[in-house]
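Take a look at the structure set out below.
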Amino acid sequence: MGTPVVFLHGTRSSSRVWAAQVAVLQRRGVASIALDLPGHGARADERFTLAGAMAVLDDAVARLGEPPLLVGLSLGGYTALHYAGQHPERIAGVMAVACSTQPHRRLVPAFRAAAHHVTRLTGWGGGTWNVVTDVLREVVAVDPISVLRRTTLPVWFVSGSRDPMRVGALRYRRANPRARHSVIRRAGHDANLHQPLAFNARMVRALEELAALARTALAPVGNSPST
C-alpha cells in the first residue's frame, strides 16, 4: 500500500482542492485523507485556531494507523511543519507547498489588523474573510525555521515558479540543507491546481523516496562477527 497521505489545504479553501491528488493515490492503492481545517469546508462554522488544527490533524493521523506523509498547501504547509515540530514520531515526512516564507512576527499582526478593518468597513469576501484574521492571529506562533533546524524527518518543499511565497526559500535551505526543494514551472501559489501532472509527479516521487528509506531501514546489517 505504501505510506499514507494526509492533505491540508490553504486559507479560504477546503479539502476539495486535493481531488486530483486523492484520485492518483486511489489508483495506486495508497490511503489518504483530505482534511477540512477549522473555519473551512465542512468546519466553516468553527473558528480557526492552531490548537484546533492540531487536533483535527491528530485525529486523521490516528485513523490511518501508521505514520503518514503530510502534504500541506500554504496554511496547510505551515500547519504540517508545526505538527512535525510537535509530533515528529507520528508522521513519516512533510511535503510543504507554497509556504517558503517565515511568518513575520511584526508584519503579520499589522496585516491582520488591516484585513479586519477592510472586511468590517466594506464587507468584501463576506464571512469567508473572517477566517483570514483568525489565521493571521494564529500563524505567528508557527516557526518553520526552528522546526527545520532540528527535525530529522524527510522534508520536501514545492513552489510554483510564479508564487511570491518563494522569497524565503534560501533561509529554509540554510536551516535544513537535507530538505529537497523543487519549483513547478508555469504554476502560481496553488501549484497542485495549476500544474496537477507536475505536482503529482513530485508527490509520487516523495512517496517512492519514503519507501526506499523504509527498505533501507529494514535491510539486514549482515552477519555478526563470530567470537
Side-chain angles (χ1 to χ4, degrees), residues 1-38 40-43 53-84 87-100 151 153-161 163 165 179-218:
M1 288 285 288
T3 303
V5 177
V6 175
F7 292 102
L8 300 99
H9 59 79
T11 307
R12 299 183 73 208
S13 184
S14 77
S15 57
R16 289 180 294 179
V17 300
W18 299 111
Q21 286 69 50
V22 169
V24 166
L25 295 182
Q26 285 178 336
R27 291 195 292 271
R28 297 176 68 91
V30 176
S32 68
I33 296 176
L35 296 180
D36 282 323
L37 294 170
H40 301 79
R43 297 177 178 273
M54 294 296 101
V56 169
L57 189 44
D58 248 344
D59 178 67
V61 170
R63 278 188 284 153
L64 286 169
E66 62 179 289
L69 172 68
L70 304 185
V71 179
L73 170 68
S74 194
L75 170 63
Y78 291 118
T79 301
L81 288 167
H82 190 68
Y83 192 88
H87 306 294
E89 74 287 353
R90 299 181 189 175
I91 61 175
V94 176
M95 176 178 277
V97 187
C99 60
S100 294
T151 190
L153 288 167
V155 179
W156 294 264
F157 285 102
V158 179
S159 300
S161 61
D163 181 13
M165 294 293 283
R180 294 78 152 171
H181 293 256
S182 62
V183 177
I184 297 179
R185 297 177 58 191
R186 298 185 299 278
H189 192 63
D190 300 322
N192 64 309
L193 296 176
H194 298 160
Q195 297 292 341
L197 293 180
F199 183 91
N200 292 347
R202 285 161 173 79
M203 178 183 67
V204 170
R205 190 182 310 153
L207 290 172
E208 291 172 345
E209 290 178 14
L210 284 174
L213 288 172
R215 288 194 296 271
T216 300
L218 293 173

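As a basis for the values below, the full set of heavy atoms in this structure was taken, side chains included, without hydrogen atoms, waters or symmetry mates. Positions are given from 1 along the sequence. Worth saying up front: this structure is predicted, and the values here are computed from it rather than measured.
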Kindly indicate whether the side chain of [X], heavy atoms from C-beta on, has any atom under 4.5 Å from the side chain of [Y].
X	Y	value
Val24	Val204	yes
Asp58	Arg90	yes
Leu57	His87	no

Open item on the list: For a side chain to side chain contact (heavy atoms under 4.5 Å, CB included) check, start with the C-alpha distance between Val5 and Leu207, then their side-chain angles and the critical distance, and finish with the verdict.
Closed with: CA-CA 9 Å; Val5 177; Leu207 290 172; 3.9 Å; yes
TODO: Examine distances only and state if a side-chain atom of His9 and a backbone atom of Trp18 form a donor-acceptor pair shorter than 3.5 Å.
DONE: no
Open item on the list: Strictly distance-based, threshold 3.5 Å: is any side-chain N or O of His40 a donor or acceptor partner for the main-chain N or O of Pro38?
Closed with: yes
Minimum heavy-atom separation for [X] to [Y], with atom names?
X	Y	answer
Leu35	Val56	CD1-CG1, 3.9 Å
Leu153	Pro88	CD2-O, 3.7 Å
Gly41	Ser14	CA-CB, 4.0 Å
Leu210	Ala92	CD2-O, 3.6 Å
Thr3	Val30	O-CG1, 3.2 Å
Thr79	Ala53	CG2-CB, 4.0 Å

Task: Within 6.0 Å of CZ in Arg63, more than 12 heavy atoms from elsewhere - done: yes
Can you tell me how far apart [atom1] ([X]) and [atom2] ([Y]) are? Round to the nearest 0.5 Å.
X	Y	atom1	atom2	result
Leu75	Thr11	CG	OG1	4.0 Å
Asp163	His194	CG	NE2	9.5 Å
Ile91	Leu64	CD1	CG	12.0 Å
Asp59	Ile33	CG	CD1	7.5 Å
Tyr83	Leu8	OH	CG	10.5 Å
Leu70	His82	CG	NE2	13.0 Å

TODO: Applying side chain to side chain contact (heavy atoms under 4.5 Å, CB included), run through Leu193 and Phe199 and close with a yes or a no.
DONE: CA-CA 8 Å; Leu193 296 176; Phe199 183 91; over 6 Å; no
Please list, chain by chain and in numerical order, all residues satisfying side chain to side chain donor-acceptor pair (under 3.5 Å) with [X], sequence neighbours excluded.
X	result
Ser161	none
Ser74	His189
Ser15	Asp36
Gln26	none

Open item on the list: Gln21 vs Asn200, test: side chain to side chain contact (heavy atoms under 4.5 Å, CB included). Steps then yes/no.
Closed with: CA-CA 6 Å; Gln21 286 69 50; Asn200 292 347; 2.8 Å; yes
Task: Partner of Glu209 under salt bridge (Lys or Arg N to Asp or Glu O under 4.0 Å), chosen from Arg180, Arg202, Arg215 - done: Arg180
Open item on the list: List the residues meeting ring pair (Phe, Tyr, Trp, His ring centres under 6.0 Å) with Phe157, not counting sequence neighbours, and say none if there are none.
Closed with: Tyr172, His181
- [ ] Check the pair Met203 / Leu25 against side chain to side chain contact (heavy atoms under 4.5 Å, CB included), numbers first and verdict last.
- [x] CA-CA 10 Å; Met203 178 183 67; Leu25 295 182; 3.9 Å; yes
TODO: Quick one: list whatever passes salt bridge (Lys or Arg N to Asp or Glu O under 4.0 Å) with Arg186, sequence neighbours left out.
DONE: none
